[in-house]
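Labels below follow one simple rule: chain letters A, B, ... track the order of the sequence lines, proteins then strands, and each chain is numbered from 1.
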Amino acid sequence: MVDKKIIRKVATISRIHLSEEEIDSLKNDFAEVMDIFSEIDKAEVDGCQAISEAKTLSLKETSQSTGDEHDYDVDEIIRLSPHRKGRFIKGPKV
Amino acid sequence: MKDDEIASLDEEYKFLSKRCDVNDPRKKGILSPYTFSLKDAIWLKGVETTASSDILEGFCPVENSTVAQKILENGGRIIGKTTQDAFGFGTFCTNVGSRYRVPLNPSDKERCVGGSSGGAACAAKLIDKHIAIGESTGGSITTPASFSGVVGVCPTYGRVSRHGLITYSSSFDKIGVMSRNVADSAVALGIISGMDEKDETSSDIPVSDYVAATDDFSAKTKGMKVGILDFEGVDEAISQRVGLISERLEEKGVEIEKIDLPFTKKYSLSAYYIIAMAEASTHLACLSGLRYGKGDDVSKEYNEYFTDVRTGGFTKEAKRRIMIGTYVRMAGYRGKYYEKALKVRQKIIDEYKDLFSRFDAILCPAAPCVAPKFDEIDHMSLSQVYSMDSITAGPNMAGLPNISVPVSKSDELPFGAMLIADYFQEAKLMSLGSLLEVLR
């Protein structure tokens with residue numbers, strides 16, 4: 001059972017503010033979704049490998065280097081930032 | 001079709017998140033007869049690309065995605081970005097950011113177009129000689145194709161480069177095509193497929209000639225063996241129609257046999273949502289309003305700044321998926337959910353591999369129902385919404401290619417039949433899909 005304390009902890013880790021109303025709503029959502037997820041408790045997977053590498057799915061024998069093909073204009077990339085100072089990206093104080 | 005006609009259709013059905021007109025006038029090629037649209041998660045240089053979210057407001061990529069580049073190099077003209085569920089989180093294309101309009105089904109404006117590539121399906125249906133580039137994580141091409149009455153092709157994982165795709169779930173995401181017929185999809189898929197040095201998950205396996213696969217398809221499909229897969233909870237009319245189509249395939253010399261995938265049918269939906277949400281929660285961690293997208297008051301304290309940007313920028317569904325995805329990766333829960341789901345995934349792949357050692361393809365409904373009405377969607381529980389992916393979760397878990405072809409009668413709301421093939425066997429799907437088109 002996922003309680004409100006866990007919901008608050010997950011929200012903090014996820015960097016999301018929640019109102020009390022949203023916490024109540026998410027508590028119900030978690031219960032419903034965990035019910036779906038608990039289905040896999042019954043799955044027999046002895047001897048199965050945990051597939052976490054996307055490469056395994058694409059059936060490739062070797063990985064390839066992504067190299068240095070990007071030819072970005074640094075100024076263009078900096079211009080994408082909402083806060084800038086000269087050629088620097090400005091962020092909140094640590 | 002003229003620009004003002006497209007604008008008028010967009011005004012009525014609301015499928016474009018951004019209009020544009022991008023082509024390379026020096027390039028003429030096989031794609032010159034077509035107009036294209038890109039799902040809003042796919043980069044187009046200088047054109048706002050947000051995956052229909054609020055948090056990426058103002059983000060204009062500094063280069064083209066590989067798919068967009070290939071379209072332009074082969075003479076294609078890109079006329080817009082299509083609306084989607086924000087970041088692909090949805091089944092009906094209703095979870096869009098606050099600046100976006102919900103697309104309306106071309107057959108009935110009170111119904112959804114399906115998601116998450118909903119705007120793409122709508123564009124493919126409404127615009128003449130148009131190819132919409134979509135993306136599927138767990139069924140986001142097949143479902144809207146079925147609901148909107150168009151062909152949707154989701155290729156093998158790694159067949160099409162994802163360089164320049166805003167990620168939902170990297171071990172699932174696949175870029176594919178949607179169009180009014182199989183032949184047009186074959187043309188486009190042939191161009192956008194292939195290895196790309198900018199995407200290390202793209203495959204170097206040679207690309208087959210998909211256009212040739214649509215020629216003389218009767219001869220090519222004669223003797224093929226197709227397994228028929230039933231699902232519980234599918235509308236009776238859809239099950240009956242797919243059954244009828246299988247009988248017609250048999251009359252054309254295709255060998256038909258009923259099959260089952262018991263493990264996949266039982267566990268693919270839960271395992272899919274666990275892995276997809278876990279991956280999504282990590283991929284979206286980079287969205288913080290610092291390097292790009294929507295910012296906030298930079299004088300705020302460090303954590304407050306990021307938290308405020310994310311709280312204001314994500315839809316309700318995005319927050320839900322990030323939260324659940326974070327939870328299933330946390331110490332104490334990781335083994336029970338995430339790691340177990342990864343093992344389930346391996347067993348699902350093994351079940352398909354065993355089947356494809358004996359069959360050329362699988363035939364089943366593409367979706368359990370026709371496009372629901374918006375007021376029906378409002379009253380669905382979360383588990384009812386997520387279970388809409390119960391048919392498509394399997395092939396997407398395994399990274400297998402699949403195609404949805406409309407098979408409904410002309411006086412019915414549209415629905416599709418889905419064909420699934422073994423890895424990199426898209427040509428077989430093109431041949432069988434072409435045959436389905438003439439049998440419906």
Taking all heavy atoms of [X] and all of [Y], pick out the closest pair and write down the distance.
{"X": "A:Pro82", "Y": "B:Leu290", "answer": "CD-O, 3.4 Å"}
{"X": "B:Lys347", "Y": "A:Cys48", "answer": "CB-SG, 3.9 Å"}
{"X": "B:Phe263", "Y": "A:Glu44", "answer": "CE1-O, 3.9 Å"}

Side-chain contact, heavy-atom cut-off 4.5 Å: [X] with [Y]?
{"X": "B:Asn303", "Y": "A:Arg15", "answer": "yes"}
{"X": "B:Tyr337", "Y": "A:Met34", "answer": "yes"}
{"X": "B:Ser381", "Y": "A:Glu32", "answer": "yes"}
{"X": "B:Met323", "Y": "A:Asp29", "answer": "no"}
{"X": "A:Pro92", "Y": "B:Lys300", "answer": "no"}
{"X": "B:Val62", "Y": "A:Asp73", "answer": "no"}
{"X": "B:Lys266", "Y": "A:Glu39", "answer": "yes"}
{"X": "A:Glu22", "Y": "B:Lys319", "answer": "yes"}

Select, from [options], the one with the greatest count of heavy-atom pairs under 4.5 Å involving chain A.
{"options": "B:Lys316, B:Arg320, B:Met330", "result": "B:Arg320"}
{"options": "B:Tyr305, B:Phe59, B:Tyr386", "result": "B:Tyr305"}
{"options": "B:Leu400, B:Ile324, B:Val328", "result": "B:Ile324"}

Exercise. Roughly how far, to the nearest 0.5 Å, is the CZ atom of B:Arg345 from the CD atom of A:Gln49?
Worked result: 12.0 Å
Exercise. OG of A:Ser14 to OH of B:Tyr327: how many Å apart, nearest 0.5 Å?
Worked result: 13.0 Å
For this session: I would like to know whether B:Tyr292 and A:Ile77 meet side-chain contact (heavy atoms from CB on, under 4.5 Å); could you show each step before the answer?
Result: CA-CA 8 Å; B:Tyr292 43 77; A:Ile77 291 174; over 6 Å; no
For this session: Against chain B, label A:Leu18 side chain, backbone, both or neither, depending on which of its atoms sit under 4.5 Å from a heavy atom there.
Result: side chain
For this session: Name the region of A:Lys42, side chain, backbone, both or neither, that has any atom closer than 4.5 Å to a heavy atom of chain B.
Result: both
Exercise. Do other residues, nucleotides or ligands put more than 12 heavy atoms under 6.0 Å from the NZ atom of B:Lys265?
Worked result: yes
Exercise. Under a 4.5 Å heavy-atom cutoff, which of A:Lys93, A:His17, A:Glu76 has the most pairs with chain B?
Worked result: A:His17
For this session: Specify which of A:Ile40, A:Ile36, A:Val10 makes the most heavy-atom pairs with chain B at under 4.5 Å.
Result: A:Ile40
Exercise. For the side chain of A:His83 and the backbone of B:Arg291, is there at least one donor-acceptor N/O pair under 3.5 Å apart?
Worked result: no
Go through the atoms of [X] and report whether side chain, backbone, both or neither lie under 4.5 Å from a heavy atom of chain A.
{"X": "B:Ser383", "value": "both"}
{"X": "B:Ala341", "value": "both"}
{"X": "B:Tyr267", "value": "both"}

Problem set entry | Check: B:Tyr273 ring centre within less than 6.0 Å of A:Phe37 ring centre | no
For this session: Take B:Phe306 and A:Ile16 through the side-chain contact (heavy atoms from CB on, under 4.5 Å) test and state the conclusion after the steps.
Result: CA-CA 9 Å; B:Phe306 295 133; A:Ile16 291 171; over 6 Å; no
For this session: Begin with the C-alpha distance, continue with both residues' side-chain angles, and end with the deciding distance and a verdict on side-chain contact (heavy atoms from CB on, under 4.5 Å) for B:Tyr333 and A:Ile6.
Result: CA-CA 12 Å; B:Tyr333 308 104; A:Ile6 292 178; 3.3 Å; yes
Exercise. Should the pair B:Lys340-A:Asp41 be classified as a salt bridge under the 4.0 Å nitrogen-to-oxygen rule?
Worked result: no
